[in-house]
There are 2 protein chains.
Amino acid sequence: MKFAEGKDKFIQSWGVIGSNWGINRTMAQIHALLLIAPESLSAEDVMQDLQISRGNANMNLRELIDWGLVYKELKPGERKEYFYAEKDMWDVVKKVIKRRKKKELEPMVKVLNELDNIEETTPEAEEFKKVLKDIKLFSAKADSTLDRLVNSENNWFVGTFMKMIK
Amino acid sequence: MKFAEGKDKFIQSWGVIGSNWGINRTMAQIHALLLIAPESLSAEDVMQDLQISRGNANMNLRELIDWGLVYKELKPGERKEYFYAEKDMWDVVKKVIKRRKKKELEPMVKVLNELDNIEETTPEAEEFKKVLKDIKLFSAKADSTLDRLVNSENNWFVGTFMKMIK
DNA sequence: TTGTACTTTCAATTATTTCCGAAAGGTAAA
DNA sequence: TTTACCTTTCGGAAATAATTGAAAGTACAA
């Protein structure tokens, strides 16, 4: 396969995968583009390469920076800003997990904690309390497990799961 | 807190959480409603309780059945269908993980495998190959880890992570 | 076979999300 | 200052997704 073909396919696919991940398609494409770029790129480069508007490029670049997946670089003597991606995949994975945890898990834990102390003892209320208790158990567990995963060093994941999968 | 208030709040919140999970809000609400129902409910009950249309209720109930989170029940002598949710939370978690894995991870593995054999050896091509290799490493690992998790029994998760989190 | 009590489908509507591009905002050099 | 060059904001257009409601489909009992 030719590089140019592979590159296009990768960027397109990363966009599709991103949207399955609940991530804006363009954001994922910019990420893909920067991931495989050996040098940092300007907003202009990104716009041209992906054929998107200035506003769109700007918005999604900033979102990527906010996620910690992309960094700004200022080249001496140039006014333009350049962007490059975090290339340490373990770091990327950790940052994505952190984001998703915040978005997907933490609101759940929060709501569950607000739903305590139901007074009634009707069958409905009892069932409700039971379900809540179960969900709490799992979400608390998932929450702390992910924390541990995210705060662990590279080798833990690689090492542990290498063994797990033989 | 009163049961009725807690119930409403739970259903609403489950809807919001669901949409953060990339799951249709109504589908999540129906799931919440059935989760805390001590008895199975008819489509009619669901429509009334959530104030949604017949079509909507039907579609999302079937989707929930497809996920394996809800089952149909036929009461003898009645023509109506009744629905009840899977209440074993570990089972629910497994089924959700399975679904998300299929949607989020497997397309990625598939694409990556199609992107092999780049011929060129320019810096761009080399960077590309390197990134691909890294991503493959992680996605393959995540894939098999989740498989293992999903195929494991209840106690593995509870047991292992109980220890992990002290 | 017809009537009844449901379930399912689907075209049209409505809501939500994403994207564009022009205008406004900043900043550094002249 | 003013100019030149970038970045950011934002209202509305365009694309997607969810929802409705009515019509069509199905199965059972009489």
Side-chain angles (χ1 to χ4, degrees), chain A residues 11-12 14-34 40-67 70-84 99-100 103-104, chain B residues 11-12 14-34 40-67 70-84 99-100 103-104:
Chain A
I11 291 175
Q12 290 313 314
W14 207 244
V16 173
I17 289 161
S19 59
N20 286 335
W21 281 50
I23 289 165
N24 180 307
R25 201 175 97 258
T26 306
M27 180 173 156
Q29 287 179 336
I30 296 177
H31 184 229
L33 179 64
L34 291 177
S40 53
L41 304 178
S42 68
E44 204 74 33
D45 295 334
V46 172
M47 287 166 57
Q48 282 210 283
D49 216 318
L50 301 179
Q51 292 293 307
I52 58 176
S53 74
R54 185 171 297 285
N56 200 8
N58 181 264
M59 234 181 58
N60 286 298
L61 277 167
R62 285 197 301 111
E63 187 73 6
L64 282 166
I65 290 171
D66 194 47
W67 281 54
V70 164
Y71 308 106
K72 262 187 195 174
E73 181 187 22
L74 294 168
K75 294 196 180 178
E78 285 198 72
R79 192 177 295 171
K80 226 183 300 188
E81 294 175 332
Y82 286 81
F83 303 90
Y84 63 99
R99 270 294 169 142
R100 301 193 85 185
K103 186 178 168 197
E104 299 179 3
Chain B
I11 292 176
Q12 289 314 313
W14 207 244
V16 174
I17 288 162
S19 59
N20 286 336
W21 282 51
I23 288 164
N24 181 307
R25 201 174 97 255
T26 305
M27 181 172 154
Q29 287 179 337
I30 296 178
H31 184 229
L33 178 64
L34 291 177
S40 51
L41 304 178
S42 68
E44 204 74 31
D45 295 333
V46 172
M47 286 166 57
Q48 282 209 284
D49 216 318
L50 301 178
Q51 291 294 307
I52 58 176
S53 73
R54 184 171 297 287
N56 200 8
N58 182 266
M59 232 182 61
N60 286 298
L61 277 168
R62 284 191 309 105
E63 187 72 7
L64 282 165
I65 290 170
D66 193 47
W67 281 54
V70 164
Y71 309 104
K72 262 187 196 174
E73 181 188 21
L74 293 169
K75 294 196 179 178
E78 284 197 72
R79 194 179 291 174
K80 227 185 297 191
E81 295 175 331
Y82 287 80
F83 303 91
Y84 62 100
R99 270 293 168 144
R100 302 193 85 185
K103 185 177 168 199
E104 299 179 2

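To find a chain, count down the sequence lines: A is the first, B the second, and so on, and within it residues start at 1.
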Going by the rule side-chain hydrogen bond (donor to acceptor under 3.5 Å, both in side chains), which residues pair with [X] if we only count those two or more places apart in sequence or in a different chain?
X       : result
A:Arg79 : none
B:Trp21 : none
B:Asp45 : B:Ser42
B:Tyr84 : none

What integer distance in Å separates [X]:[atom1] from [N]:[atom2]?
X       : N      : atom1 : atom2 : result
B:Met47 : D:dT19 : CE    : P     : 14 Å
B:Ile30 : D:dA18 : CD1   : C1'   : 12 Å
A:Leu74 : C:dA28 : CG    : C1'   : 13 Å

> How does protein reach along nucleotides 6-21 of chain C, written 5' to 3' as B (base within reach of a heavy atom under 4.0 Å), S (only sugar-phosphate), or - (no contact)?
Replying inline: SBBB--------SSBB

Side chains of residues 26-34 of chain B: which donor-acceptor pairs under 3.5 Å do they make with residues two or more places apart or in other chains?
{"from": "B:Gln29", "atom 1": "NE2", "to": "B:Gln12", "atom 2": "OE1", "distance (Å)": "3.3"}
{"from": "B:His31", "atom 1": "ND1", "to": "B:Trp14", "atom 2": "NE1", "distance (Å)": "3.3"}

